[in-house]
Amino acid sequence: MSEPPRIGSICVYAGSSDAADPALLAAAGALGAILARDDVRLVYGGGGIGLMGACARAAHAAGGRVLGVMPEFLRQREILFEEVETIVVRSMHERKMLMFEESEAFVALPGGIGTLEEVVELLSWRRLGLHAKPTVFYNPEGFWDPLFGFLDQTIALNLTPPAFASAWRAVDTIEAILPTIRAMADATPETVSRLMPKDLSQREREGPAPKAAGG
């Protein structure tokens with residue numbers, strides 16, 4: 001029996017509201033702890049609030065590796081989590097591109113319009129054949145069902161090919177996320193890792209950087 005694929009970095013899209021249901025905030029924290037336990041780096045939007053903050057804080061508290069990516073104009077609004085390595089970029093476009101490039105798979109937790117926009121663009125890139133990275137939705141109480149219904153409708157109306165339905169998976173528990181990602185990675189090897197050339201010369205890195213081996 002072959003070993004499951006090694007996943008080194010996972011991007012988590014999640015809401016940034018502290019007013020979210022406490023059960024959702026707890027679930028986000030549980031995911032952060034699981035990523036740290038399995039030595040999977042968390043890549044996320046850089047904020048210290050809402051589900052995104054709960055996930056990052058839990059991963060950091062458990063000794064996990066965390067990379068935040070934050071546009072300069074959101075530093076105050078989303079309250080930059082300064083205890084982890086953070087790259088401050090110039091725009092939302094650059095943020096999404098860098099989060100994509102730094103990740104081997106993606107998780108969508110419940111969130112608002114910003115989370116929806118991020119994951120729809122990710123699925124659009126998949127539809128265009130720009131990547132084959134696993135995408136998993138955490139779908140408590142059917143949170144993402146309206147989106148899935150829309151996507152199913154586009155398939156039923158021949159606006160999207162039926163094969164596109166395999167581009168994502170949905171799970172009902174936090175514990176099922178990593179096994180599902182690994183199963184998808186095993187079935188669909190990654191062939192494209194970048195959407196555009198990386199240029200870190202204009203990016204400002206802030207926060208603690210990973211220590212060098214033996215340092």
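Between Glu85 and Arg65 there is no salt bridge, since no side-chain nitrogen of the basic residue lies less than 4.0 Å from a carboxylate oxygen of the acidic one. Note on Asp38 versus Arg6: no salt bridge recorded, every NZ/NE/NH1/NH2 to OD/OE distance being 4.0 Å or above.
Formation of a donor-acceptor pair under 3.5 Å by the Trp144 side chain with backbone atoms of Tyr138 is found in this model. Looking only at distances, a side-chain donor or acceptor of Lys133 sits under 3.5 Å from a matching main-chain atom of Ser103. No donor-acceptor pair closer than 3.5 Å links the side chain of Asn139 to the backbone N or O of Val171. A donor-acceptor pair is defined here as one N or O able to donate and one able to accept, closer than 3.5 Å; no such pair exists between the side chain of Arg169 and the backbone of Phe137. Distance alone, capped at 3.5 Å, is enough to place a donor-acceptor pair between the Glu94 side chain and the Arg90 backbone.
Note on Leu130 and Phe106: same hydrophobic cluster, where clusters join Ile, Leu, Val, Met, Phe, Trp and Tyr whose side-chain heavy atoms are under 4.5 Å apart, directly or indirectly. Ile79 and Met92 fall into different hydrophobic clusters, where Ile, Leu, Val, Met, Phe, Trp and Tyr residues are linked whenever their side-chain heavy atoms come under 4.5 Å apart, directly or through other members. Note on Phe164 and Leu159: separate hydrophobic clusters, where clusters join Ile, Leu, Val, Met, Phe, Trp and Tyr whose side-chain heavy atoms are under 4.5 Å apart, directly or indirectly. Taking hydrophobic clusters as Ile, Leu, Val, Met, Phe, Trp and Tyr residues chained together by side-chain heavy-atom distances below 4.5 Å, Leu67 does not share a cluster with Ile49.
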Is there a side chain to side chain contact (heavy atoms under 4.5 Å, CB included) between Arg126 and Leu122 once you walk through the steps? CA-CA 6 Å; Arg126 174 64 180 263; Leu122 180 69; over 6 Å; no
Kindly indicate, with the supporting measurements, whether the criterion side chain to side chain contact (heavy atoms under 4.5 Å, CB included) is fulfilled by Leu31 and Leu178. CA-CA 9 Å; Leu31 175 59; Leu178 273 183; 5.7 Å; no
Requested in this report: Walk me through it: do Glu121 and Trp125 pass the test side chain to side chain contact (heavy atoms under 4.5 Å, CB included)?
Outcome: CA-CA 6 Å; Glu121 184 167 51; Trp125 291 343; 3.6 Å; yes
Practice prompt. Please lay out, stage by stage, how Ile177 and Ile34 fare under the test side chain to side chain contact (heavy atoms under 4.5 Å, CB included).
Written response: CA-CA 10 Å; Ile177 290 174; Ile34 288 172; over 6 Å; no
Show me the side-chain donor-acceptor pairs of residues 147-157 shorter than 3.5 Å, one per line, residues at least two apart or across chains.
from   : atom 1 : to     : atom 2 : distance (Å)
Thr154 : OG1    : Leu151 : O      : 2.7
Thr154 : OG1    : Thr160 : OG1    : 3.0

Considering only distance and modelled atom types, tabulate donor-acceptor pairs under 3.5 Å from the side chains of residues 7-17, sequence neighbours left out.
from  : atom 1 : to    : atom 2 : distance (Å)
Ser9  : OG     : Arg41 : NE     : 2.9
Ser9  : OG     : Arg41 : NH2    : 3.2
Ser17 : OG     : Ala19 : N      : 3.1

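Counting only heavy atoms from C-beta outward, the side chains of Leu109 and Leu24 never approach each other to under 4.5 Å. Residues Leu74 and Arg95 are in side-chain contact: their nearest non-hydrogen atoms beyond the backbone lie under 4.5 Å apart. Looking at heavy atoms from C-beta onward, Ser124 lies in side-chain contact with Leu128 at the 4.5 angstrom threshold. At least one side-chain heavy atom of Leu116 sits less than 4.5 Å from a side-chain heavy atom of Val120. Contact check for Pro161 versus Arg127: side-chain heavy atoms found under the 4.5 Å cut-off.
Note: Met52 CE to Leu42 CG = 10.5 Å, rounded to the nearest 0.5 Å. The CG atom of Leu35 sits 15.0 Å away from atom NE2 of His60, with the distance rounded to the nearest 0.5 Å. In this structure, OG1 in Thr86 is found 8.5 Å from CZ in Arg75, a value given to the nearest 0.5 Å. Residue Met70 holds its CE atom at 10.0 Å from CE of Met99, rounded to the nearest 0.5 Å. Put simply, CG on Asp18 and CG on Leu25 are 7.0 Å apart, with the number rounded to the nearest 0.5 Å.
Contact between Ala62 and Ala36 at its shortest, heavy atoms only, is CB-CB, 3.6 Å. Listed here is the closest heavy atom pair of Gly142 and Pro146: O-CD, 3.8 Å.
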